[in-house]
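Working notes for the structure below.
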Amino acid sequence: MAESGEGLGTVPEHERILQEIQSTDTACVGPTLRSVYDDQPNAHKKFMEKLDACIRNHDKEIEKMCNFHHQGFVDAITELLKVRTDAEKLKVQVTDTNRRFQDAGKEVIVQTEDIIRCRIQQRNITTVIEKLQLCLPVLEMYSKLKEQMSAKRYYSALKTMEQLENVYFPRVSQYRFCQLMIENLPKLREDIKEISMSDLKDFLESIRKHSDKIGETAMKQAQQQKLFSVILQKQNNVKFGKTIYINDRIPEERNEIVLKPVFEEEDENEEEVLTVQDLVDFSPVYRCLHIYSVLGDEETFENYYRKQRKKQARLVLQPQSNMHETVDGYRRYFTQIVGFFVVEDHILHVTQGLVTRAYTDELWNMALSKIIAVLRAHSSYCTDPDLVLELKNLIVIFADTLQGYGFPVNRLFDLLFEIRDQYNETLLKKWAGVFRDIFEEDNYSPIPIVNEEEYKTVISKFPFQDPDVEKQSFPKKLPMSQSVPHIYIQVKEFIYASLKFSESLHRSSTEVDDMLRKSTNLLLTRTLSSCLLNLIKKPHIGLTELVQIIINTTHLEQACKYLEDFITNITNISQETVHTTRLYGLSTFKDARHAAEGEIYTKLNQKIDEFVQLADYDWTMSEPDGRASGYLMDLINFLRSIFQVFTHLPCLPALSPFQDSKGILCS
């Protein structure tokens, strides 16, 4: 019982082990089998029995299953046998189809590879196009830069460089050609600076050579503008019925003085006068200024320009050694200076900061001091009044021209007053020679008048008024000699000459009147008086000539009031004005008459002494024969003829040797 109980206890255990072996992995079978051997000694045998029983059960089940599925298996084999033939056909067809697909696929593969290659090329081309589109504007701008450099458009080239650096180069900075361009730009900038500076030097040299032409044009324009103003003023005076000058042909002669040079120039050059912009190409200055401004070096350019122009100013202000010999020397000197400052004025107004008003004023003040010193030195060598007058006209045009450009010229007009004194001195010297020639050519006898035409001719030259002479019939004689109307005419010519210098000095009529009267007084009191005194002292002047000189001075003295009227008609300044200067003709000719009277007394005494010294006395005569000596009779006849001449005098000195020579005997 015990064994049977023990056997019953092991059966379920063996079943569990078998289930475990069937259900677990083969790797875990070892421990399970070990548990069989570890049990009771007969457990192995029992387990084997149980295992055999289990195997038989499984075989039975398999046999049942095979029996159950055998017919299906047979049917399946039969079907497979049937399908075998179709499968072989299908295999042949598939193989053929595969072959044909392989053959057709080779061409597709080739085309596909071509497509892939084209797609890659297309992608690369698209990439290249994108990069070229990025680089092309840079290359175009750089090509434009080269063209601008070749065309000498340097300012535009600098602007193009700025665009390249700020806009275009950052886009393509990774390329090597861009780095080469960037490295080349500083060199191009230096080349532009050097070229623009070279152009500026050429410009400065050009305006230095052509400054006289520029100045000549500017002075011609100023002269024409002045002519227009004079004509307009004259028309206004005519319109309102105003007359500045009354007689003596002054208006015609004065207009001729002022306007003749202009009309001559207009006749010679009928074409329109060019402006300074037409004569000078200022583009090099503009370009250079813009270039240096863009490069940030504007101060260097300004300093260089001002320094060079100051050097040129010193050269322009340096006169030629023989400048005073001809008016052309002065004209060339003035035109060069005007040309220089006209250019500076143009630069001042068309550029910003290159030159300033303070700079031009400083330059002008320096130049003005030099000009005044030069004119003082060279004008002192001028002995020809015509040359001095032409110099004055040049100075006036020079001053008016520069005044029109805004330069102060008051010191130049002050200088003209100094030159006016020198001009008067040269006039006095010239007229001294004229007076001497008149006295040398005079016959010192009354002027014979044959008919009324000759009388009117003399009266038109000299204001002679004598009712007694007018009542006389022709032929008749005027008391004065030929020198009187000639001297009167020359005094008027002297006034004309003095008036020429007073033109265009921007002085009032009162000042002009005062200048004319003072210069005329100098002519009368110094020049004419000196010539008369020298004439009276000449040895060949006899008593008859001295008497005629006294008569001549009397008529010249009477004519002085007509000279005052002549000056009044010129200046329209009444003689009743408080500050009007009077002519000193009365004292001048009175002193000359006194000198002539004293010379008459001296010569008459000398002649009497000669008669007495030549007398032949008979010292052996025993008694007088009642007749006067021959020398005494000759002396009496001589005195009778002399006294006959004295009857034409308004007054004469007492001729007695016992009277004072200052005594007056009225006729």
Query raised in the report: Can you name the nearest heavy-atom pair linking Phe301 to Val285, along with the distance?
Result: CZ-O, 4.1 Å
Report task. Heavy atoms only: give me the nearest Met366-Ala313 pair and the separation to one decimal. Result -> CE-CB, 4.4 Å
Requested in this report: State, yes or no, whether a side-chain contact exists between Val138 and Met181 at a heavy-atom distance under 4.5 Å.
Outcome: yes
**Report entry** Rounded distance (nearest 0.5 Å) linking atom CG of Leu387 with atom OH of Tyr330
**Finding:** 6.0 Å
Query raised in the report: Got Val294 and Met161 here, is their nearest side-chain heavy-atom distance under 4.5 Å?
Result: no
Query raised in the report: Any side-chain heavy atom of Ile397 within less than 4.5 Å of one from Phe334?
Result: no
Query raised in the report: What closest approach, in Å, do Asp345 and His349 show between heavy atoms, and which atom pair accounts for it?
Result: O-ND1, 2.8 Å
Query raised in the report: Which residue pairs pass the side chain to side chain donor-acceptor pair (under 3.5 Å) test with at least one member in residues 358-377, sequence neighbours excluded?
Result: Ser369-Arg411, Arg376-Glu418
Query raised in the report: Heavy-atom count around Glu88 CD within 6.0 Å, excluding the residue itself: above 12?
Result: yes
Requested in this report: Under the side-chain contact (heavy atoms from CB on, under 4.5 Å) rule, what do Gln148 and Tyr154 come out as? Steps first, then yes or no, please.
Outcome: CA-CA 7 Å; Gln148 290 170 342; Tyr154 302 118; over 6 Å; no
Query raised in the report: Would Tyr405 and Phe341 satisfy ring-ring contact (aromatic ring centres under 6.0 Å, His included), going step by step from the backbone distance to the final call?
Result: CA-CA 9 Å; Tyr405 286 93; Phe341 282 99; over 10 Å; no
Requested in this report: Check whether any side-chain N or O of Ser143 sits under 3.5 Å from a backbone N or O of Leu139 as a donor-acceptor pair, and report yes or no.
Outcome: no
Query raised in the report: Any sub-3.5 Å donor-acceptor pair from Gln179's side-chain atoms to Ser173's backbone N or O?
Result: yes
Query raised in the report: So Arg99 and Gln102, side chain to side chain donor-acceptor pair (under 3.5 Å) or not? Walk me through it.
Result: CA-CA 5 Å; Arg99 181 183 56 77; Gln102 289 294 332; over 6 Å; no
Query raised in the report: Do Val338 and Phe407 come close enough that some side-chain heavy atom pair is under 4.5 Å?
Result: no
Query - Heavy-atom neighbours of Glu165 CD exceed 12 at 6.0 Å - result: yes
Query - Expected output: side-chain Thr127 to main-chain Arg123 donor-acceptor under 3.5 Å - result: yes
Query - Interatomic spacing from CD in Gln133 to OG1 in Thr126 - rounded to 0.5 Å - result: 10.0 Å
**Report entry** Side-chain donor/acceptor of His210 to backbone N/O of Ser206, under 3.5 Å
**Finding:** yes
**Report entry** Interatomic spacing from CD in Gln111 to SG in Cys118 - rounded to 0.5 Å
**Finding:** 11.0 Å
Query raised in the report: Taking atom CZ of Arg357 as the centre, does the number of heavy atoms from other residues, nucleotides or ligands within less than 6.0 Å exceed 12?
Result: yes
Query raised in the report: Does Phe177 CZ have over 12 foreign heavy atoms under 6.0 Å away?
Result: yes
Query raised in the report: Going from CG on Leu145 to CD on Glu140, what distance comes out if it is rounded to the nearest 0.5 angstrom?
Result: 13.5 Å
Query raised in the report: In chain order, what residues pass the side chain to side chain contact (heavy atoms under 4.5 Å, CB included) check against Ile115, with sequence neighbours excluded?
Result: Arg119
Report task. Answer yes or no: does atom CD of Gln174 have more than 12 heavy-atom neighbours from other residues, nucleotides or ligands under 6.0 Å? Result -> yes
**Report entry** Close side-chain approach of Leu158 to Leu295, heavy-atom, < 4.5 Å
**Finding:** yes
Requested in this report: Look at Asp103 together with Arg100 and state whether they make a salt bridge at an N to O cut-off of under 4.0 Å.
Outcome: no
Query raised in the report: Are the side chain of Asn184 and the backbone N or O of Leu180 linked by a donor-acceptor pair below 3.5 Å?
Result: no
Query raised in the report: Quick one: are Asp96 and Gln93 in side-chain contact, heavy atoms under 4.5 Å?
Result: no
Query raised in the report: Any sub-3.5 Å donor-acceptor pair from Gln312's side-chain atoms to Leu204's backbone N or O?
Result: yes
Query raised in the report: According to the interplanar angle, ranging from 0 to 90°, do the rings of Phe282 and Phe203 count as parallel (below 30°), tilted (30 to 60°) or perpendicular (above 60°)?
Result: tilted
Requested in this report: Return yes when atom CD of Gln320 has more than 12 non-hydrogen atoms of other residues, nucleotides or ligands closer than 6.0 Å, and no otherwise.
Outcome: no
Requested in this report: Would you list the pairs meeting side chain to side chain donor-acceptor pair (under 3.5 Å) in which at least one residue belongs to residues 53-67, sequence neighbours left out?
Outcome: Gln22-His58
**Report entry** Arg287 side chain near Ile195 side chain, heavy-atom distance below 4.5 Å
**Finding:** no
Query raised in the report: Between CG of Leu200 and OH of Tyr304, what distance do you get to the nearest 0.5 Å?
Result: 6.0 Å
Query raised in the report: Is there a side-chain contact between Ser196 and Tyr292, using heavy atoms and a 4.5 Å cut-off?
Result: yes
Query raised in the report: Given Lys220 and Gln224, is the side-chain contact (heavy atoms from CB on, under 4.5 Å) satisfied, shown in steps?
Result: CA-CA 6 Å; Lys220 186 182 297 183; Gln224 289 178 345; 4.1 Å; yes
Report summary line: Residues Val374 and Pro319: closest non-hydrogen pair is CG1-CG, 3.5 Å
Query raised in the report: Any salt bridge between Arg208 and Glu205, counting N to O under 4.0 Å?
Result: yes
Requested in this report: Salt-bridge test for Lys152 and Asp199: reply yes if a basic N is under 4.0 Å from a carboxylate O, no otherwise.
Outcome: no
Report task. Mark yes when over 12 heavy atoms from residues, nucleotides or ligands other than Arg153 sit less than 6.0 Å from its CZ; otherwise mark no. Result -> no
